[in-house]
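Everything on this sheet refers to the single structure shown next.
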Amino acid sequence: MGEACCGSHDHQPASHLQHMEKTAPPERPKNLCQVADYLLSPQSGVKKRDGVFNDSRVIYFRGKGAVNALLKDEFRATAVGKEIGELTRESAAQLLGSMIPHQFFLKVERPSDPEMPKNMLQLVQYQSFGEDGIFVWRYEGSQLRTHLMAGLLLLIVLAGVMFPLWPVPLRLGVWYLSVGVLILLGLFFAMAIVRLILFVITWVVLKPGVWIFPNLFEDVGFVDSFIPLWGWHEPEAPVEKKSTKKIQAGEEAQAEVETQVISEEVAEKVTKRRPMVEDAADEDVL
């Protein structure tokens, strides 16, 4: 598809692009911010790829994926989707093109030099939206959650620094809690050492050996790590034998193919051979 232009901002001189790239983005309309939030959410299904732009790691996407996201029922169900109404591919491209002057994203391209990495991106001089284009996000979405997490981390650090000023009952509770955690960790390491010693003894006396809590270090839940209480050691199947069998099976298949090819060549030679004296004698009899 051809590129859908985004108005008078499509063709911009290089000096203006450099200024756009370095300066802070202008004030963005609320409805376009909601569209950008939707495109950045997993609900949109837009594939996000990592790249390098101006010596910084960035996230970029393809225009076709953004257009497809705006045509989904999930976007129509959002508040901004209901406000905008039904979209076609052309109107969706125009909507995305109107976001470029507000620096929600910028159009970039991969370098023509084949020796440079594919994830290296460079700015395109003429900014316009097209489904076949690549665009780098400059909009990071709402920063409320980030600010709340930073504030919570700061409060935790301040609370730790001011620990000597805590009330005595609170400090005593923290001390008991830390001692309890250390005891639990000590019991866990002691159990791991004891089960290893018992496995070595049973492996020598009664092979293949017995494990206490065989699922202790498996990728299971906390309760399942202690079920069952004990179990026999299950040795892993040797990988080399499987590969040897695969090689042998491949050689047998190759031998069958070669045999079939040889038989076809022989059959072709038999059909194309010159008539012999015996064949002529048989024809005379008939």
Side-chain angles (χ1 to χ4, degrees), residues 21-61 74 77-80 102-105 119 136-201 210-231 233:
E21 185 179 342
K22 294 179 181 179
T23 57
E27 186 177 355
R28 296 168 171 136
K30 183 178 179 181
N31 60 339
L32 295 184
C33 289
Q34 293 174 346
V35 174
D37 290 334
Y38 167 76
L39 293 175
L40 286 170
S41 66
Q43 185 182 7
S44 66
V46 178
K47 292 183 179 179
K48 303 178 183 64
R49 299 175 174 85
D50 295 328
V52 178
F53 179 66
N54 285 348
D55 299 329
S56 301
R57 295 190 65 86
V58 294
I59 298 176
Y60 68 95
F61 65 95
E74 289 81 356
T78 61
V80 65
H102 299 283
Q103 298 188 35
F104 284 94
F105 45 79
N119 62 343
V136 169
W137 278 110
R138 294 202 66 192
Y139 176 74
E140 298 179 356
S142 176
Q143 300 298 311
L144 178 61
R145 182 178 179 183
T146 304
H147 295 159
L148 290 177
M149 294 297 293
L152 180 61
L153 181 61
L154 181 62
L155 290 177
I156 293 174
V157 172
L158 288 176
V161 172
M162 299 175 64
F163 179 76
L165 302 178
W166 288 15
V168 175
L170 192 58
R171 283 186 291 169
L172 190 61
V174 172
W175 184 83
Y176 281 127
L177 180 62
S178 60
V179 170
V181 172
L182 290 176
I183 291 175
L184 289 177
L185 289 176
L187 290 176
F188 179 80
F189 285 112
M191 181 173 56
I193 295 173
V194 169
R195 72 188 291 270
L196 179 60
I197 294 174
L198 290 177
F199 168 73
V200 173
I201 295 174
V210 176
W211 283 108
I212 297 178
F213 303 124
N215 294 328
L216 185 62
F217 296 104
E218 297 295 332
D219 187 14
V220 294
F222 176 77
V223 178
D224 294 334
S225 299
F226 301 95
I227 300 174
L229 180 61
W230 67 277
H233 175 66

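We're numbering straight along the sequence, starting at 1.
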For the atom pair CG (L153) and CG (L158), what is the distance rounded to the nearest 0.5 Å?
9.5 Å
How far apart are the closest heavy atoms of P214 and P228, and which atoms are they?
CD-O, 3.5 Å
One should read off an interatomic distance between F222 CZ and I227 CD1, to the nearest 0.5 angstrom, of 11.0 Å
Taking side chain as C-beta onward, heavy atoms only, is V58 less than 4.5 Å from V52?
no
The reported gap from CD1 in I201 to CG in L196 (rounded to nearest 0.5 angstrom) is 10.0 Å
Under 3.5 Å, is there a donor-acceptor pair between the side chain of R171 and the main chain of W166?
yes
Once you round to the nearest 0.5 Å, how far does CD1 of I212 lie from CD1 of I197?
10.5 Å
Please check: side-chain N/O of R138 versus main-chain N/O of H102, any donor-acceptor pairing under 3.5 Å?
no
Quick one: list whatever passes side-chain contact (heavy atoms from CB on, under 4.5 Å) with V80, sequence neighbours left out.
N31, Q34, V35, F75, T78, I84
Given side chains that start at C-beta, do those of K48 and L40 come closer than 4.5 Å, heavy atoms only?
yes
With sequence neighbours excluded, residues passing side-chain contact (heavy atoms from CB on, under 4.5 Å) with V46:
L39, S44, F61, A69
Taking atom CZ as the centre, does F189 end up with more than 12 heavy-atom neighbours from other residues, nucleotides or ligands that are less than 6.0 angstrom away?
no
Donor-acceptor pair, side chain of S225 and main chain of G221, under 3.5 angstrom
yes
Spatial distance of atom OH (Y60) from atom CH2 (W137) [nearest 0.5 Å]
15.0 Å
I need the F163 CZ to L165 CG distance, nearest 0.5 Å.
10.5 Å
Residue pairs, two or more places apart or on separate chains, that pass side-chain hydrogen bond (donor to acceptor under 3.5 Å, both in side chains) and touch residues 211-224
W211-H233
Does V179 have any side-chain contact (heavy atoms from CB on, under 4.5 Å) partners at least two apart in sequence or in another chain, and if so, which?
W175, I183
side-chain contact (heavy atoms from CB on, under 4.5 Å) partners of L216, counting only residues at least two apart:
F188, M191, R195, F213, F226
Contacts of type side chain to side chain donor-acceptor pair (under 3.5 Å), residue Y139, not counting sequence neighbours:
D37
